[in-house]
There are 2 protein chains.
Amino acid sequence: MTVIFSKKCELALQAVLFLSIKPKDEFLSARDISKELQLPKEFISKVLQKLTETGIVGSKKGKTGGFFLAKDPSEIRLIQIVETIDGLGVFEKCVLGFPGCSPDNPCPLHNKWGHLRDEAFKMLTEFTLAELKDSAEKKIGNLKFDIL
Amino acid sequence: MTVIFSKKCELALQAVLFLSIKPKDEFLSARDISKELQLPKEFISKVLQKLTETGIVGSKKGKTGGFFLAKDPSEIRLIQIVETIDGLGVFEKCVLGFPGCSPDNPCPLHNKWGHLRDEAFKMLTEFTLAELKDSAEKKIGNLKFDIL
DNA sequence: TTAATTACAGATTATTTTGTCTTTAATTGA
DNA sequence: TCAATTAAAGACAAAATAATCTGTAATTAA
Ligand code: SF4
Ligand code: SF4
């Protein structure tokens, strides 16, 4: 079973969301994030490293180092995170997995699926971290008390 | 990078679509299908075996044996194929991959995503093989001449 | 200056998914 | 009956993905 995003990407979304609810000038270590989100530490840091390359998050080495959002949450669109981690391939691919299908002979699914795909893309480009901040805050707050 | 469906499932869709464009009383061997769709033979037969369990396709062993659609194309909904191969988990899962999220405190994505997911589900339940037959026919016909 | 802490980079391992191979049982035509 | 053909079943191999580990360089506090 697969989903739209890879696990890596889901994790990245969570981690960045977590960064967004913290004060802007605070450095969060991978360890802190992993502890709070209950996710593998090294995986976190690897993913965040990737995101530093694209300038979405910043990092500082050393004793008080850690990660932080490099931009204002309102400047970070979800699609940017997806793109960095997974790429945008999903949004181009055929549902049926047919090779070499050209859209001049589209099957009935093509239009419907294409539309949904575009909607998903639109959703991810429209939403910024700022819009998710509030509910993410509650959500991550709850996380500690969740059994699963 | 992952997509909505697993490769197995894509392949199943293609194989079943292929069966649907053949005369009802014709047995198609896994080898024939694999040859025509240019896909691994054993994978095909494995997937079709799965689909025989759910009664979507039928099979016959022996010299003139092979696979065939057990129902009329208009009776086979795409979702049934997806369900047998991948299950319906995708349509229940959270985009962000948060564990233990309850819908009483939905993040802004939840509704949007939920809607898209439902649309996808609806699309797959509404479409039957019959509706895809015609264009699949052309599509598979072209397949042989495609470079990739 | 030194010890501690942290991101960083890359190797390594584990797990899952995908694909192949081998063997068996059923069916048919010769 | 017998040889050929095929699905079925499941072991096996390869590849992709996820997760861990190890060592290094940067930074800071003492
Ligand atoms: S026309 Fe159908 S088969 Fe071709 S790319 Fe679109 S969805 Fe896929
Ligand atoms: S509310 Fe948000 S985090 Fe929770 S299940 Fe829905 S999409 Fe996922």
Side-chain angles (χ1 to χ4, degrees), chain A residues 1-16 19 25-35 37-70 85-87 89-90 93 97 99, chain B residues 1-16 19 25-35 37-70 84-87 89-90 97 99:
Chain A
M1 164 71 64
T2 61
V3 194
I4 289 266
F5 310 122
S6 68
K7 213 120 189 235
K8 243 186 232 170
C9 192
E10 287 182 359
L11 191 152
L13 286 167
Q14 293 185 34
V16 171
L19 288 179
D25 50 355
E26 197 172 319
F27 293 92
L28 257 87
S29 74
R31 190 162 48 77
D32 291 343
I33 301 174
S34 82
K35 217 178 259 173
L37 294 179
Q38 302 167 29
L39 289 167
K41 175 194 146 192
E42 295 297 339
F43 213 178
I44 293 265
S45 74
K46 185 158 288 183
V47 160
L48 287 180
Q49 272 169 46
K50 196 91 191 169
L51 288 169
T52 58
E53 289 173 19
T54 9
I56 293 170
V57 323
S59 66
K60 199 181 73 173
K61 288 183 185 176
K63 200 156 193 172
T64 60
F67 296 95
F68 57 94
L69 281 193
I85 305 294
D86 278 349
V90 220
K93 227 193 132 189
Chain B
M1 165 69 65
T2 58
V3 194
I4 288 266
F5 309 124
S6 69
K7 213 120 189 235
K8 244 186 231 171
C9 192
E10 287 182 0
L11 191 152
L13 285 168
Q14 292 184 35
V16 170
L19 288 179
D25 50 355
E26 198 171 317
F27 293 92
L28 258 87
S29 75
R31 190 162 48 79
D32 292 344
I33 301 174
S34 84
K35 218 178 259 172
L37 294 179
Q38 302 165 30
L39 290 167
K41 174 194 146 194
E42 296 297 340
F43 213 177
I44 293 265
S45 73
K46 186 161 292 186
V47 162
L48 287 181
Q49 271 169 47
K50 196 92 193 165
L51 288 169
T52 57
E53 288 171 19
T54 10
I56 293 169
V57 322
S59 68
K60 198 182 73 172
K61 289 185 183 177
K63 201 157 193 173
T64 60
F67 296 95
F68 58 95
L69 283 192
T84 27
I85 304 295
D86 278 348
V90 222

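Any value given below was found using the heavy atoms of this structure, including those in side chains, with hydrogens, waters and symmetry copies removed.
- Following rounding to the nearest Å, Q14(B) (CD) and dT18(C) (P) show an atom-to-atom distance of 14 Å.
- Closest contact between the side chain of K63(B) and the listed nucleotides dG29(C), dT6(C), dT6(D) involves dG29(C).
- Across all strands, L28(B) comes closer than 4.0 Å only to sugar-phosphate atoms, never to a base (heavy-atom distances).
- Counting only heavy atoms from C-beta on, K46(B) has its side chain closest to dA11(D) among dA7(C), dA11(D), dA18(D).
- Distance K8(B) NZ to dT16(C) P: 13 Å, rounded to the nearest Å.
- The backbone N or O of F5(A) sits nowhere less than 3.5 Å from a side-chain atom of D86(A) that would complete a donor-acceptor pair.
- Regarding D32(A), its CG atom lies at a distance of 13 Å from the C1' atom of dA7(C), rounded to whole Å.
- Contact annotation for K41(A): no contact, since no heavy-atom pair falls under 4.0 Å across all strands.
- Counting all heavy atoms, side chain and backbone alike, P40(B) lies closest to S34(B) at C-CB, 4.2 Å.
- Set against dA26(D), dA7(D), dT18(C), the side chain of K61(A) has dA26(D) as its closest nucleotide.
- Atom NZ of K50(B) is separated from atom P of dT18(C) by 14 Å (rounded to the nearest Å).
- A residue-by-residue look at G65(A) and R31(B) shows that R31(B) has its nearest nucleotide of DNA chain D further toward the 5' end.
- Looking at heavy atoms from C-beta onward, K50(A) lies out of side-chain contact with K46(A) at the 4.5 angstrom threshold.
- Atom pair D86(B):CG and dT18(C):P shows a separation of 8 Å (rounding to whole Å applied).
- With dA8(D), dA9(C), dT6(C) as the candidates, the nucleotide lying closest to the side chain of Q49(A) is dA9(C).
- The CG-P distance, from L11(A) to dT17(D), rounds to 16 Å in whole Å.
- A search for side chain to side chain donor-acceptor pair (under 3.5 Å) contacts involving T52(B) returns nothing, not counting sequence neighbours.
- Residue S45(A) is classed as having no contact, given no heavy-atom separation below 4.0 Å to the nucleic acid.
- For S29(B), whose side chain is taken as the heavy atoms from C-beta onward, the closest listed nucleotide among dC8(C), dG19(C), dA7(D) is dA7(D).
- For K7(B), counting side-chain heavy atoms from C-beta on, the closest listed nucleotide (dT18(C), dT28(C), dC8(C)) is dT18(C).
- Separating the CZ atom of F68(A) from the P atom of dT27(D) is a distance of 12 Å, rounded to the nearest angstrom.
- Applying the 4.0 Å criterion to OP1 and OP2 of dT5(C), one finds that K60(A) has every side-chain N and O outside that range.
- Among the atoms of the strands shown, none is found under 4.0 Å from any heavy atom of F27(B).
- Summary of the strand contacts: S59(B) and P40(A) both lie near DNA chain D, and taking for each the nucleotide with the nearest heavy atom, the more 5' one is attributed to S59(B).
- Listed nucleotides: dT5(D), dA7(D), dC21(C). Nearest to the side chain of E42(B): dC21(C).
- The CD1 atom of I56(B) sits 11.0 Å away from atom CG of L19(B), with the distance rounded to the nearest 0.5 Å.
- Each of dT20(D), dC21(C), dA29(D) was ranked by its minimum atom distance to the side chain of T64(A); first place goes to dA29(D).
- Remark: P of dA9(D) and CG of L48(B) are 13 Å apart, rounded to the nearest angstrom.
- Shown here are the ring pair (Phe, Tyr, Trp, His ring centres under 6.0 Å) partners of F68(B), two or more places apart in sequence or in another chain: F27(B).
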